[in-house]
Structure formats: structure tokens, C-alpha cells
Amino acid sequence: MKENSSFFCVKNIKVVYLFAIPLILPFIAFYLLTLNVEDLDNQIITLKSLSILLIVLFAAILLLYFKHGPRTVYLVDFSCYKPDRSDMMSKKELLDIITSTFDKESVDLQKKVLERCGYSDMTYIPEGIRMLPDKLLTFNNSRKEIEKVMFGAIDDLLWKTRVKTDEIGIVIVNIGVHNPTPSLSYVLTYNISGMGCSAGLISIDLANRLLQTQVSGYALVVSTESINAGYYLGKDRSKLITNCLFRMGAAAILLSNRFSDYRRSKYKLKHVVRTHKGADDRAFKSVYQEQDEDENIGISLSKSLTVVAGETLKCHITTLGPLVLPMSEKLLFFASFIVRKIFKMNNILKRPYIPDFKLAFEHFFIHAGGRAVLDEMEKNLVLTEWHMEPSRMTLYRFGNTSSSSLWYELAYSEAKGRIKKGDRAWQIGFGSGFKCNSVVWHALKTINPKDLEKNPWTDEIQDFPVHVPAVMPLSS
């Protein structure tokens, strides 16, 4: 609570400084109007002294404003790791490993998920899983996987931005189920674990708050997940589904509060909104890591997950809406709320009014958690196929890469040449807890696909979008 209060005070110092100068100016004007020509001749020395005093006062106010006022945070650039072709595995190849590892009932369930997941045969699986069942998964498998994707994304980012490592004062790494010692981040270090697929946007929020306290600096955010560490080898049906969903991937993002980075940065951070429904037991248990009766650790996905996600989203947009929607949509939303909640006239409005967020954003990047989640989001937000394309194509090409998926989606739109100067982009992440988090970006420049470097889509973007059948049958 103390941290939030301090952050609130820092943000509102801006208001104090903005009002300070207008309050002083009337007194100065009144004083000058009371003087006549003779007074001016007699008090010329006094006026000079007063001028100097005002200049010093004005300079002091400006200094305090720039020192304590809220700082603009820029997204200089980001990078998404594209694994080697040797890491690529078709769904049929993965099914063969599953068939050799699990009993028939477990195989049948996972086969059904693979056929309906909306993935292509070009997603990436880490080496540890590709070696099942001949070799068991180990801690070293997870460490090797994480080092490969993290360092790959970071190396690409540093190459693109030309920023030296000693210039980065803040490093934030978010990863759900792999928590090694020493931690994966150093410097002013934060290692975010157990926060699920929405941890990437939580990391952006944390970086933003930390950059408000820094005079001038960079923050590096790394978002990834360990597929090896989260793989389940038991028989619990609710835990087997995650084996089919997650794929290799990582993203590295460089943020700056330096005004000098304005011209070279791609985006400016506008809003961060977080919603947590952990007080609801159904939401809390919808994505839950636990041991089965044989002491195998796995993550259970409840049948009510998509319903929980929809309810959390509706709660979330009541907070985000007032920050981004035009006045017309705010009034319609408020009127709907009054009719339903105050006058209890639910018979008139069968469902709450969902604002048209297409009036607030040009681009929507929804966590590619699964086909059902994207279908639910498309329906609830009344989005078009064009708006959903980055999310669906990311799910198809790279699978669910957890918290990094949002950045593969943004990279898709950049590679397509869709990002124009002034565009507003909404990243929406869902995660265990249950959480829904949003980050809103403002594009500072038009992104030319020909200028992109180290973009995971560049060499194949001409092949997308593609039609993704509801079911893609696999032979056992």
C-alpha cells in the first residue's frame, strides 16, 4: 500500500507544478499595473531584482518538475527468439513421443487436443521433450532450454539497439515454473515466477514503476517459459492438456525513460491496467499447479477456464474503458450500468453493454493461449478477422509461447507493415490467479517492414495469413 501511495503522489506532482505558474502570474500583473511612469523610473532597480527573482523561481519550478514529475517511458525496440529448425517438431512427431510415453487413454486425450489446438507443424519443442521416453526430463534440460531462448532474444535486441550492457540498470525476467539459483536476472534485479502467461505485462508495469524513480536509464524485460519444467508425466487428464499447448519462445524488450531516445523508439507507454480475481475460488483454481496421487507435479486447467476468462475480461474493461474510450462510448457504457445495477432493469438489457474498443485502438494483441480463448475474446470484444489475425497466426505458427506470445503478435503486425505513426495498440494478457492485464502503446513512427532486423516473421510473412481448419486430423 505504501508503494502505491508513493507512486500516486509522484504522478500528481505534475498537477502542482502546472498550477504554480498560473497562480503566480496574476500577482505579477497586478503589481505592474499599479505602477505609473514615475514609479517605474524610481523603482527600476527593484524591477531588475524582481525579474531576476522570477527567472530563478521559474527555473526552480521547471527543475523540480523534470526531477519529480512523471517520466515518459519509451519502448526502444524488442526482439522475439526464433528457434533453430532442429527444434521444429510436427504434431505427428509429438504424438509419436506421447504414444511412447503415456497409456492409451492419456494418448487419446492429447491427440484430440493436438487436432483442435490450431497449431501448424512448424512449432518448436525443446530437446528434453524430444528425447522422451529414452531420457527423463531433468533440471539441466530446463536450464539449457531457458539459456538458449533467453540469450538468443537478448543478443538480438542488443544488436538492434546498440545499447551496451553496462547502460542497463534494471533487468526483469518473468518465467512461471523454472526458478533456478542464482536467479536469471541481475543488476537492479527482479525475477518474477509463478505468475502465468500474463507475467510479461506485469513485468512491463514493474519496469514502468522503477523507471519513474530513475533519473535516466534503461530497463530490460525478458519474458519466457520453460516447457521442460512444466511437462507433466502423470495420468491426471486435467494436467495432460498443457503438454500439448506450450511451445518454445522468448522475447526481450528494452524500455527507456530518456527523452533522447524519443526519436529512435518505436512506441510510448500510455497505460497499464491489472485485474486480479484471486478472491474467487473458482478463478483461483482455474489454472492450478499441484501434485497428483503419484506425486507428479502438473498444472490443471479447469473446465470453467474460458468462462472465468470472459468474466475477468468484463471486470477488466470497466477499469480500462474510462482511460481509452471516446466520450460517446463512455456515456453508453455508463447508461447501461445505471439501467442494470441501479434500476435493476435486466429484462431490458439482456447482457451488459460492451463498448466498441475498435474506436479506441487500431491493433489488438491477445495472448495466444489457445483457440477457445481467442474465440471468446473475438466474441466479447466484437472484433473482426483482421483484428484477430496477429493472435491466430502466432498461435498457428509458434503455438502458445506463454508470456512472450504478445510480442510475436506485435512483430507480426510490424512485418505486415500495419503499424502507422499515431496508432494505438492494446496488448491483453491472461494468466493464473486468475489475472487479466493490459498495456496500451502509442506508435511513435510508421514501421517499414523493409527496415526490420531480427524479426521472426520477416522471411515467411508473405505466406500469411492462412486458413486454419477447426480440426486437423492426426493418425496414431
Side-chain angles (χ1 to χ4, degrees), residues 71-82 146-147 149-175 183-192 199-224 249-272 365 401 403-415 419 421 425 427 429 437 439-448 451-458:
R71 301 179 184 280
T72 300
V73 172
Y74 303 103
L75 195 167
V76 181
D77 212 333
F78 67 97
S79 181
C80 298
Y81 178 69
K82 189 172 185 177
I146 290 301
E147 289 177 350
V149 298
M150 278 181 52
F151 295 156
I154 294 171
D155 287 346
D156 287 348
L157 180 65
L158 295 178
W159 184 87
K160 287 198 292 187
T161 60
R162 304 297 193 269
V163 171
K164 298 178 181 178
T165 55
D166 57 7
E167 296 181 89
I168 300 173
I170 301 169
V171 177
I172 302 171
V173 175
N174 66 264
I175 180 169
S183 64
L184 294 167
S185 54
Y186 302 93
V187 198
L188 182 52
T189 171
Y190 295 87
N191 199 86
I192 300 177
L201 300 187
I202 294 174
S203 297
I204 296 296
D205 182 30
L206 175 58
N208 176 45
R209 291 171 181 263
L210 293 172
L211 286 172
Q212 298 300 321
T213 67
Q214 304 291 308
V215 175
S216 179
Y218 291 109
L220 172 64
V221 174
V222 183
S223 295
T224 187
I253 305 98
L254 185 68
L255 303 175
S256 171
N257 64 4
R258 300 180 179 184
F259 181 74
S260 58
D261 283 320
Y262 170 82
R263 289 189 176 277
R264 72 173 185 139
S265 295
K266 287 184 172 180
Y267 306 93
K268 178 171 67 175
L269 180 62
K270 296 293 292 183
H271 303 289
V272 181
F365 303 112
T401 61
S403 58
S404 65
S405 69
L406 295 168
W407 300 101
Y408 287 87
E409 295 169 22
L410 180 55
Y412 179 90
S413 288
E414 288 188 353
I419 305 296
K421 183 177 181 180
Q427 289 182 316
N437 301 321
V439 170
V440 177
W441 301 100
H442 174 85
L444 297 175
K445 62 175 70 173
T446 296
I447 307 297
N448 187 344
D451 298 333
L452 292 175
E453 300 172 301
K454 304 290 186 181
N455 185 298
W457 295 93
T458 301

Can you tell me how far CZ of Arg71 sits from CG of Asn208, rounded to the nearest 0.5 angstrom? 12.0 Å
Using the side chain to side chain contact (heavy atoms under 4.5 Å, CB included) criterion, which residues pair with Thr72? Sequence neighbours excluded. Tyr74, Lys268
The criterion is ring-ring contact (aromatic ring centres under 6.0 Å, His included); which residues satisfy it with Tyr412, sequence neighbours excluded? Trp457
On a heavy-atom basis, the closest approach of Leu210 and Thr213 is O-OG1, 2.7 Å
Considering non-hydrogen atoms only, spot the tightest contact between Ser203 and Val221 and give its length. CB-CG1, 3.6 Å
Is the side chain of Ser413 donor-acceptor paired with the backbone N or O of Leu410 at a distance under 3.5 Å, no angle test? no
Quick one: do Thr224 and Tyr81 satisfy side-chain contact (heavy atoms from CB on, under 4.5 Å)? Show the steps, please. CA-CA 10 Å; Thr224 187; Tyr81 178 69; over 6 Å; no
Checking side-chain contact (heavy atoms from CB on, under 4.5 Å) for the pair Asp77/Leu254: CA distance, chi angles, key distance, verdict? CA-CA 6 Å; Asp77 212 333; Leu254 185 68; 5.7 Å; no
Distance check, rounded to the nearest 0.5 Å: Asn437 atom CG versus Gln427 atom CD? 11.5 Å
Can you see which heavy atom on Ala411 is nearest to which on Cys80, and at what distance? CB-SG, 4.4 Å
Identify the heavy atoms of Gln214 and Ile170 that sit nearest to each other, and give their distance. CG-CD1, 4.0 Å
Quick one: does any side-chain atom of Asn257 pair with a main-chain N or O of Leu211 as donor and acceptor, under 3.5 Å? yes
Which atoms form the tightest heavy-atom contact between Gln212 and Val73, and what is the distance? NE2-CG2, 3.9 Å
Applying side chain to side chain contact (heavy atoms under 4.5 Å, CB included), name anything that partners Ser79, two or more places apart in sequence or on another chain. Asp156, Leu157, Lys160
So, taking the atom named CG in Leu158 and the one named NZ in Lys454, what distance separates them when rounded to the nearest 0.5 Å? 11.5 Å
Run the side-chain contact (heavy atoms from CB on, under 4.5 Å) check on Leu75 and Leu269 step by step: do they pass? CA-CA 7 Å; Leu75 195 167; Leu269 180 62; over 6 Å; no
In terms of heavy-atom contacts, Lys266 and Glu414 come closest through NZ-OE1, 2.9 Å
4.5 Å side-chain heavy-atom contact, Ile447 and Tyr267: yes
Can you check side-chain contact (heavy atoms from CB on, under 4.5 Å) on Trp441 and Ile204, steps first, answer last? CA-CA 11 Å; Trp441 301 100; Ile204 296 296; 4.1 Å; yes
Distance check, rounded to the nearest 0.5 Å: Asp205 atom CG versus Ile202 atom CD1? 8.0 Å
With sequence neighbours excluded, tell me which residues meet side chain to side chain contact (heavy atoms under 4.5 Å, CB included) with Ser405. His367, Ala368, Thr401, Glu409
To the nearest 0.5 Å, what is the distance between OG1 on Thr161 and CG on Leu220? 9.0 Å
Pairing residues for Tyr408 by the ring-ring contact (aromatic ring centres under 6.0 Å, His included) criterion, not counting sequence neighbours: Phe398
Looking only at atom types and distance, does a side-chain atom of Ser223 sit under 3.5 Å from a main-chain N or O of Asn174, one as donor and one as acceptor? no
Between CZ of Arg264 and NZ of Lys445, what distance do you get to the nearest 0.5 Å? 9.0 Å
Residues that Phe78 engages under ring-ring contact (aromatic ring centres under 6.0 Å, His included), provided they are two or more places apart: Trp407
